[in-house]
Protein chains: 2
Amino acid sequence: MPARRAKRKTYHHGALREALVTNALELLDAGGREAVNVREAARRAGVSPGAPFRHFPDRAALLAALTSEIGAEFRAFSEDAIARAGANPLRQFRAMGLAYIRYAIEHPRRFQLLHAETCTDPHALALFTRDAEAVALIARAQREGFLRAGPPEAVHLAAQALTYGLARMIVDGHLPRAGAEALAEQVLDVFGRGVAAPR
Amino acid sequence: MPARRAKRKTYHHGALREALVTNALELLDAGGREAVNVREAARRAGVSPGAPFRHFPDRAALLAALTSEIGAEFRAFSEDAIARAGANPLRQFRAMGLAYIRYAIEHPRRFQLLHAETCTDPHALALFTRDAEAVALIARAQREGFLRAGPPEAVHLAAQALTYGLARMIVDGHLPRAGAEALAEQVLDVFGRGVAAPR
DNA sequence: TCCCAATGTAATCATTGATTACTTTGCGTT
DNA sequence: AACGCAAAGTAATCAATGATTACATTGGGA
């Protein structure tokens, strides 16, 4: 209830845990993972440096909570994009990839945290949670003649790596963000024509 | 000359700068970028905490020197792989991609540092230093009928993104390192068949 | 030889994470 | 409605690190 950064009237904050995570998110967006620190989050919540300890045993726990929060946001973002893509599974797959890339463009620091080596949240990576399903889909499309032959696992991994690579290149500064989305669509088209069965 | 971690006989270390970078590399490999700290590097060199200041104005400078060192190593690694690939440009390109991935498997922390958003070393990224040349090569292969038609810039970016994505997936823990190289070869094959002109 | 610039030491300060004892609050129980 | 207790925050403290300054030592060149 009490506004962040304002002097608190009550002894108890009321929603310190949430406030800390929110403040940590601000710090992350502003300066990356290394800029996330407990004291500043506490300061912005108008609370003493020891207070966060009641909610998070250490900095890693705060980062974990932040990661979880961001994971949920990303999942919602991704699933929304899939829902908008209609019923065609291949269109859905493409939409998921583009959502991935768009999220990386819009929230690079969050993307970075979410996919860091240290992130162990199994649900954090929406793109990688339907592997078996996606591979089966690819195998079926191959049998039905829509996709050219080849090991479906490799085709799937290629699609993942391509998407992840584009997103990562943007986040890591190897691809200018301006126009990156349009470029990404071209790249996905090249790949799509590559894996499609020759007519 | 004096061994690291041993008590120094002389007042002057002799090669403190190099020793600090070496120690920083150890810290990086052991615990990632965040584990690199000036004091520990100084401690391991058997030198006081203030000594590094003579060589590096701050921690960022030490990290920059470390990055530069790693960049040179990676470049040599990559160029060696290309040299071994023979004269065929397409084979060279494939060899470069595989070298990229192999380096990521062998030295994930170094790869990570080298490709971090904060890395500004323009020569650090061997894969991305011959863009115009590679695009021209692709365009020529298309004209000569080896590759199917399509915007050569997009084909080139697709190849880059695929390679970078695989390497990054390994580094970020999204792909088990065991067997990753063989898997990567399969993926590059799928891509290669995709961009190759239909026979 | 001697001087001085380079290099390392010692001491110090600020920031941050972590931890403990103490204080305040407000809710559930009676 | 009063009480008591658990939850939540404060204050104080310690350790580790980065940064910075004044001082000491060394060795090579004028």
Side-chain angles (χ1 to χ4, degrees), chain A residues 1-67 113 116 118, chain B residues 1-67 113 116 118:
Chain A
M1 211 69 61
R4 281 180 303 104
R5 252 173 272 206
K7 260 177 208 150
R8 204 162 11 107
K9 295 288 195 304
T10 61
Y11 186 86
H12 286 293
H13 182 285
L16 182 54
R17 192 193 155 90
E18 289 71 18
L20 289 172
V21 173
T22 303
N23 294 343
L25 181 59
E26 283 186 11
L27 292 171
L28 177 74
D29 280 337
R33 179 200 175 92
E34 293 192 14
V36 176
N37 74 77
V38 182
R39 283 183 108 94
E40 180 59 26
R43 207 171 301 152
R44 293 186 178 198
V47 112
S48 77
F53 182 66
R54 297 280 168 217
H55 301 277
F56 304 104
D58 56 14
R59 175 174 180 261
L62 175 59
L63 278 170
L66 179 58
T67 303
L113 182 65
T118 50
Chain B
M1 207 68 60
R4 282 179 302 103
R5 255 172 272 205
K7 258 178 209 152
R8 202 161 13 106
K9 296 286 194 308
T10 60
Y11 186 86
H12 286 292
H13 182 285
L16 183 53
R17 192 192 155 91
E18 289 71 19
L20 289 172
V21 173
T22 302
N23 295 343
L25 181 59
E26 282 186 12
L27 292 171
L28 176 75
D29 281 337
R33 179 200 175 93
E34 293 191 14
V36 176
N37 73 77
V38 182
R39 283 183 106 95
E40 181 60 25
R43 208 170 302 153
R44 293 186 177 198
V47 112
S48 78
F53 182 66
R54 296 282 168 215
H55 301 276
F56 304 104
D58 56 14
R59 177 175 179 260
L62 176 58
L63 279 169
L66 179 58
T67 303
L113 182 65
T118 49

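Letters A, B, ... mirror the listed sequences (proteins, then strands); counts begin at 1. Atoms considered below: every heavy atom in the structure, side chains included; atoms not considered: hydrogens, waters and symmetry mates. The shown structure was predicted, so the numbers you read here are calculated from the model rather than taken from an experiment.
- Between B:Asp58 atom CG and C:dC13 atom P the separation is 22 Å, expressed in whole Å.
- One atom, CZ of A:Phe53, and another, P of D:dA12, lie 19 Å apart when rounded to the nearest Å.
- In this structure, the CG atom of A:Leu63 is 15 Å from the P atom of C:dT16, given to the nearest Å.
- Positionally, the nearest nucleotide of DNA chain D for A:His55 lies more toward the 5' end than for the other of B:Val36 and A:His55.
- The interatomic distance linking A:Glu34 (CD) with C:dT16 (C1') rounds to 14 Å, in whole Å.
- For B:Asn37, a side-chain nitrogen or oxygen approaches OP1 or OP2 of D:dG18 to under 4.0 Å.
- Taking side-chain N and O atoms only, A:Arg17 has no distance below 4.0 Å to OP1 or OP2 of D:dA8.
- Taking atom CG on B:Leu16 and atom C1' on D:dT26, their separation rounds to 15 Å, with Å as the unit.
- Separating the CZ atom of B:Arg43 from the P atom of C:dA10 is a distance of 15 Å, rounded to the nearest angstrom.
- With distances taken from any side-chain atom of A:Arg54 to the nucleotides C:dA21, D:dT17, D:dA22, the minimum falls on C:dA21.
- Rounded to an integer number of Å, the gap from A:Leu20 CG to C:dG17 P is 12 Å.
- One can place CD of B:Glu40 at 11 Å from C1' of D:dT17, the figure rounded to the nearest angstrom.
- The minimum heavy-atom distance between A:Pro52 and A:Ser48, with the atom names listed, is CD-O, 3.5 Å.
- Projected onto DNA chain D by closest heavy-atom contact, B:Arg59 and A:Arg39 fall at different nucleotides, the more 5' of which corresponds to A:Arg39.
- Which of D:dT20, D:dA11, C:dG8 sits closest to the side chain of B:Ser48 comes down to C:dG8.
- Rounded to the nearest 0.5 Å, atoms CG (B:Leu27) and OG1 (B:Thr22) are 11.0 Å apart.
- Distance check, rounded to the nearest 0.5 Å: CZ of B:Arg59 to CZ of B:Arg39 gives 13.5 Å.
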Where do B:Arg54 and B:Leu16 land on the side chain to side chain contact (heavy atoms under 4.5 Å, CB included) test, with the steps shown first? CA-CA 10 Å; B:Arg54 296 282 168 215; B:Leu16 183 53; over 6 Å; no

Please lay out, stage by stage, how B:Leu66 and B:Phe56 fare under the test side chain to side chain contact (heavy atoms under 4.5 Å, CB included). CA-CA 11 Å; B:Leu66 179 58; B:Phe56 304 104; over 6 Å; no

